[in-house]
Participant: 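If you scroll down you'll find the structure; I have some questions about it.
All chains are named by letter (A, B, ...) in the order of the sequence lines, taking the proteins before the strands, and each is independently numbered beginning at 1. These values consider heavy atoms only, across backbone and side chains, with no hydrogens, waters or symmetry-generated copies.
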Amino acid sequence: MADYLPLHDWTNITPTEAVALQQQLRSQIQIQPLSQPPRTIAGCDISFNKFEETVYAGIVVLNLKTMETIEEVGVISSATFPYVPGLLSFREIPSLLEAWTKLRAEPDVVMFDGHGTAHPRRIGIASHAGLFLNRPTFGCGKSVLVGKYEEPAPERGAWSPMLHYRDVVGAALRTKNKVNPVYVSPGHLIDLEMAISLTLQCDGGYRIPEPTRRTHNLVNALRRGERKAD
DNA sequence: GCGACAG
DNA sequence: ATCTTGTCGC
């Protein structure tokens with residue numbers, strides 16, 4: 001089963017302590033070219049009923065070349081940390097790590113529903129998780145947290161840089177003609193160019209790339225009782 | 001001081 | 001994120 005580095009505890013953390021942890025961890029994040037050509041990619045996501053702390057987390061691994069699903073795992077867990085813009089990782093990563101533990105495959109790269117460096121302190125969920133998983137990760141979000149950008153051309157593949165202060169923190173990428181862009185940013189052990197390339201490679205004809213889309217369907221089915229957890 | 005604010 | 005029907009546009 002896949003493992004990870006227990007860099008720090010996730011329980012009994014206050015929002016203030018969470019910010020301090022991010023400041024401490026950010027220096028360990030590495031934005032660089034991929035060291036190995038990836039063959040598989042994993043998508044991660046969670047689902048939950050409003051006002052309830054039970055969360056349904058899942059991970060789907062697919063073949064990058066064929067987009068075939070190789071493996072999928074789902075777990076029913078609990079999230080105590082609230083949703084706070086900028087601190088999403090503290091709410092979602094714990095349950096995602098539980099799912100990760102049940103994985104037999106060792107994904108070459110992991111995609112997150114959220115941001116990596118396109119974060120006020122440059123450590124969004126994709127970057128934070130990348131440090132724990134110790135492998136290439138990146139974020140592909142549906143909306144912006146921070147960063148300004150010029151509208152990219154309407155054709156699929158067009159993109160424009162997202163700027164936060166003086167940094168290029170990500171890219172607004174068009175994954176489908178004349179459809180709102182998605183926001184891509186590197187998490188750890190990868191660079192923006194490759195994150196963009198992989199996002200486009202995970203095309204399934206929808207705005208949302210396949211890893212995230214399939215995982216979203218998986219965790220929703222789990223929440224509705226249409227599927228069983230592992 | 002006043003808004004904005006991943007999922 | 002989740003709750004939800006119809007409806008505008010290509």
Side-chain angles (χ1 to χ4, degrees), chain A residues 10 15-16 18-19 21-22 25-26 29 43-60 74-99 110-130 137-149 154-156 162-165 167 169-188 192 195 199 205-209 211-226:
Chain A
W10 295 95
T16 299
V19 171
L21 258 178
Q22 293 183 319
L25 294 168
R26 62 181 301 181
I29 296 168
C44 309
D45 194 22
I46 73 167
S47 179
F48 57 89
N49 288 312
K50 203 175 182 179
F51 305 131
E52 291 182 11
E53 65 174 43
T54 296
V55 296
Y56 305 80
I59 297 176
V60 175
V75 301
I76 297 179
S77 184
S78 177
T80 53
F81 200 92
Y83 166 67
V84 178
L87 301 180
L88 177 67
S89 61
F90 292 88
R91 173 176 175 68
E92 304 199 347
I93 291 183
S95 53
L96 287 177
L97 287 177
E98 284 183 35
V110 187
M111 172 189 286
F112 286 81
D113 189 6
H115 304 104
T117 55
H119 177 281
R121 289 171 292 284
R122 310 289 180 268
I123 181 168
I125 187 170
S127 299
H128 198 161
T137 58
F138 68 96
C140 180
K142 302 180 292 300
S143 61
V144 177
L145 208 207
V146 298
K148 304 184 73 67
Y149 66 94
E155 296 76 37
R156 163 182 159 75
M162 291 170 72
L163 276 59
H164 186 52
Y165 287 88
D167 305 331
V169 298
L173 172 68
R174 202 80 73 184
T175 52
K176 198 176 190 311
N177 291 169
K178 302 170 192 173
V179 165
N180 286 161
V182 291
Y183 305 91
V184 180
S185 61
H188 183 50
L192 178 59
T199 298
Y206 298 90
R207 175 170 84 122
I208 306 303
T212 294
R213 205 178 70 78
R214 288 187 200 171
T215 308
H216 194 274
N217 288 336
L218 170 67
V219 295
N220 273 328
L222 187 59
R223 176 172 60 83
R224 297 168 185 153
E226 302 164 358

Participant: Quick one: which of A:Glu92, A:Arg223, A:His216 gives a side chain to side chain contact (heavy atoms under 4.5 Å, CB included) with A:Ile46?
Facilitator: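 Among A:Glu92, A:Arg223, A:His216, the one meeting side chain to side chain contact (heavy atoms under 4.5 Å, CB included) with A:Ile46 is A:Glu92.
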
Participant: Evaluate A:Asn220 against A:Ser47 for side-chain hydrogen bond (donor to acceptor under 3.5 Å, both in side chains), listing each step before the verdict.
Facilitator: CA-CA 6 Å; A:Asn220 273 328; A:Ser47 179; 2.9 Å; yes

Participant: Counting distance only, does the side-chain N/O of A:Thr117 pair as donor-acceptor with the main-chain N or O of A:Val169 below 3.5 Å?
Facilitator: yes

Participant: Which word best sums up how the rings of A:Phe90 and A:Phe81 line up, parallel for under 30°, tilted for 30 to 60°, or perpendicular for over 60°?
Facilitator: tilted

Participant: Return yes if some donor-acceptor pair links the side-chain N/O of A:His115 with the main-chain N/O of A:Ser143 below 3.5 Å, else return no.
Facilitator: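 Indeed, once roles are kept as given, a pair shorter than 3.5 Å links the two residues.
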
Participant: When you measure from the side chain of A:Thr137 to the backbone of A:His188, do you find a donor-acceptor pair of N or O atoms at a distance under 3.5 Å?
Facilitator: yes

Participant: How many Å lie between NZ on A:Lys176 and C1' on C:dG9, as a whole number?
Facilitator: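 Taking NZ of A:Lys176 and C1' of C:dG9, I get 13 Å after rounding.
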
Participant: Measure CG/A:Asn180 against P/C:dC10 and give the value in whole Å, please.
Facilitator: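 Interatomic distance, CG of A:Asn180 to P of C:dC10: 15 Å.
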
Participant: Nearest whole Å is fine: how far is C:dA1 C1' from A:Asn49 CG?
Facilitator: 10 Å

Participant: Whole-Å distance between C:dA1 P and A:Lys50 NZ?
Facilitator: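 Whole-Å distance recorded here is 12 Å.
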
Participant: Just how far, in rounded Å, is C1' of C:dA1 from CZ of A:Phe112?
Facilitator: 17 Å

Participant: Base, sugar-phosphate, or nothing for A:His216, non-hydrogen atoms under 4.0 angstrom?
Facilitator: sugar-phosphate

Participant: Could you state the atom-to-atom distance from CD of A:Glu53 to C1' of C:dT2 in whole Å?
Facilitator: 17 Å

Participant: Look at the side-chain N and O atoms of A:Arg223 and state whether any lies under 4.0 Å from the OP1 or OP2 oxygen of C:dC3.
Facilitator: yes

Participant: Less than 4.0 angstrom between a side-chain N/O of A:Asn220 and OP1 or OP2 of C:dA1, yes or no?
Facilitator: no

Participant: For every nucleotide of nucleotides 2-7 of chain B, 5' to 3': is a protein heavy atom under 4.0 Å from its base (B), only from its sugar-phosphate (S), or from neither (-)?
Facilitator: ---BBB

